[in-house]
> 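Quick one: this structure, given as C-alpha cells, is what I'll be asking you about.
Residue numbers start from 1 in every chain, and the chains themselves are labelled A, B, ... in the order their sequence lines are given, proteins ahead of strands.
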Amino acid sequence: MKLATWNVNSLKVRLPQVLDWLATAKPDTLCLQELKLEDRNFPLAEIEAAGYKAVFSGQKTYNGVAILARDLPVDVSVGIPGFADEQKRVIAATIGKVRVISAYFPNGQAVGSEKFAYKLAWLEALTRWLADELRRYPALALLGDYNIAPDERDAHPDWQEEIHVSAPERDAFRALTALGLTDAFRLFEQPEKSFSWWDYRMMAFRRNFGLRIDHILLSAELAARCTACSVDKAPRKLERPSDHAPVVADIEDLAA
DNA sequence: ATGGCGCATGGAATGCGA
C-alpha cells in the first residue's frame, strides 16, 4: 500500500500535475492540502476518471483538504471535534483497515503573533483528538503539511526565520509523536538536506534552500510495516510547480 | 535589505503563504 501527501497550492492550477502524478506514482491513497477551492468546484469527474474516489473539505482562496483513494473512503469526518474553526484544515476517513487523516497545519506567520497562538491552540486540539482516534483506530496515518520542521536537520542551515523551527512548534510536534506516532521518513537512511518545501523566490529549489515540513506519521501498527519513505522531488521541477513536493510511504498490507 | 514568486480576488492592487 502506497500512502502519499502533497500540498498542491491550488488544485485548480495543479490538477494536470496531480493527474500525471497519480498515473506515474500510482499511490493507493493521496492526501492533498491547500485546494483553494470550494467543494462545488472540486474536480471530482477528472479524479474519478483517473480511477480514484475522493472526499474533500474546501473553501474559497485558502486552505482546503482532500483524500483521494482507490477504495472508497468511509466514516468521513471533517475538522477537529470540539475545536470550532472556519478554516478547512482536516479531513479523516477509513480506507480498508487504515484510518487516514489529511491535515493542513496553520502556518503561524511569526513567533508570538496572533496566528502563532492559533497554530499552537490548533496543535493542542489536534493532539487531544488524536489520542482518542488512536484508541479507536490502531492502524492510523496522519499525513499533511505540518508547517513544522521537527529537527535541526529538517531546515537548511541558513534558514533565518523562527517560524517552522521554533521550540514551541517542535515541542508540539513531539507531543504528537509521544502519542505513539512515528515519522515514517526517519525510519530510513535519507540524503542530507532532505526537504519537502522550497520558496518560489531566491532560486530556493535550485539552491536546495528548503524545509522538511510535510510529514507522514504512522501508528505503531503501520510503522512496523513501513518499508520505505521518500520525498518525490520530480513535480517540484516542472513548469508552474507547487512549492511543496509529495512525500510517499510504502506499507506492507495488513493481514486480512 | 522583509523583497523576491505564485496564487487568489476581481478586473488593479493587495493579502497571504512559508
> Would you say B:dA18 has OP1 or OP2 under 4.0 Å from some side-chain N or O of A:N147?
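Yes, such a contact exists.
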> Checking A:A228 now: which residues fulfil side-chain contact (heavy atoms from CB on, under 4.5 Å) with it, not counting sequence neighbours?
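Checked A:A228 against side-chain contact (heavy atoms from CB on, under 4.5 Å); matches are A:D250.
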> Using the test side-chain contact (heavy atoms from CB on, under 4.5 Å), find all partners of A:V111 that sit at least two apart in sequence or belong to another chain.
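Testing A:V111 for side-chain contact (heavy atoms from CB on, under 4.5 Å), a comparison that skips the adjacent residues, returns A:F116, A:E162, A:S166, A:E169.
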> Taking salt bridge (Lys or Arg N to Asp or Glu O under 4.0 Å) as the test, write out the residues that go with A:E124, two or more places apart.
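In terms of salt bridge (Lys or Arg N to Asp or Glu O under 4.0 Å), with neighbours along the sequence ignored, A:E124 is linked to A:R128.
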> Output a table of nitrogen or oxygen pairs between the protein and nucleotides 1-5 of chain B separated by less than 3.5 Å.
residue: B:dG4; atom: N7; partner: A:R201; partner atom: NH1; Å: 3.0

> Among B:dC7, B:dT9, B:dA18, find the nucleotide with the atom closest to the side chain of A:D243.
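Closest nucleotide among those given: B:dA18.
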> The criterion is ring-ring contact (aromatic ring centres under 6.0 Å, His included); which residues satisfy it with A:F42, sequence neighbours excluded?
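Result, ring-ring contact (aromatic ring centres under 6.0 Å, His included) vs A:F42: A:F56.
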> Determine which pairs satisfy salt bridge (Lys or Arg N to Asp or Glu O under 4.0 Å) with at least one residue from residues 67-96 of chain A, sequence neighbours left out, and list them in order.
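Not a single pair qualifies under salt bridge (Lys or Arg N to Asp or Glu O under 4.0 Å).
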> Starting at the 5' end of nucleotides 11-16 of chain B, put B wherever the base has a protein heavy atom under 4.0 Å, S where only the sugar-phosphate does, and a dash everywhere else.
-----S
> Go through the structure and list residues passing salt bridge (Lys or Arg N to Asp or Glu O under 4.0 Å) with A:D171, not counting sequence neighbours.
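Applying salt bridge (Lys or Arg N to Asp or Glu O under 4.0 Å) to A:D171 gives A:R174.
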> It should be established whether A:N107 places a side-chain nitrogen or oxygen under 4.0 Å from OP1 or OP2 of nucleotide B:dA18.
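Yes.
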> Please list, by residue number, the residues of residues 168-176 of chain A whose heavy atoms come closer than 4.0 Å to an atom of DNA chain B; answer none if no residue qualifies.
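None - not one residue of the stretch has a heavy atom sitting under 4.0 Å from the strand.
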> Inspect the surroundings of NZ in A:K2 and state if more than 12 heavy atoms from other residues, nucleotides or ligands are less than 6.0 Å away.
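Yes.
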> For residues 194-205 of chain A, which residue pairs pass the salt bridge (Lys or Arg N to Asp or Glu O under 4.0 Å) check, not counting sequence neighbours?
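Qualifying pairs, neighbours excluded: A:D199-A:R201.
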> Do any side-chain nitrogens or oxygens of A:H244 fall under 4.0 Å of OP1 or OP2 in B:dG17?
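Checking A:H244 against B:dG17: no side-chain N or O falls below 4.0 Å of OP1 or OP2.
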> State which residues pass salt bridge (Lys or Arg N to Asp or Glu O under 4.0 Å) with A:R14; sequence neighbours excluded, sorted by chain then number.
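So A:R14 forms no salt bridge (Lys or Arg N to Asp or Glu O under 4.0 Å) with any residue.
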> Got a sec, which residues hit salt bridge (Lys or Arg N to Asp or Glu O under 4.0 Å) with A:R236, two or more places apart in sequence or on another chain?
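With sequence neighbours excluded, A:R236 shows a salt bridge (Lys or Arg N to Asp or Glu O under 4.0 Å) to no residue whatsoever.
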> Do any side-chain nitrogens or oxygens of A:S10 fall under 4.0 Å of OP1 or OP2 in B:dA8?
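Checking A:S10 against B:dA8: at least one side-chain N or O falls below 4.0 Å of OP1 or OP2.
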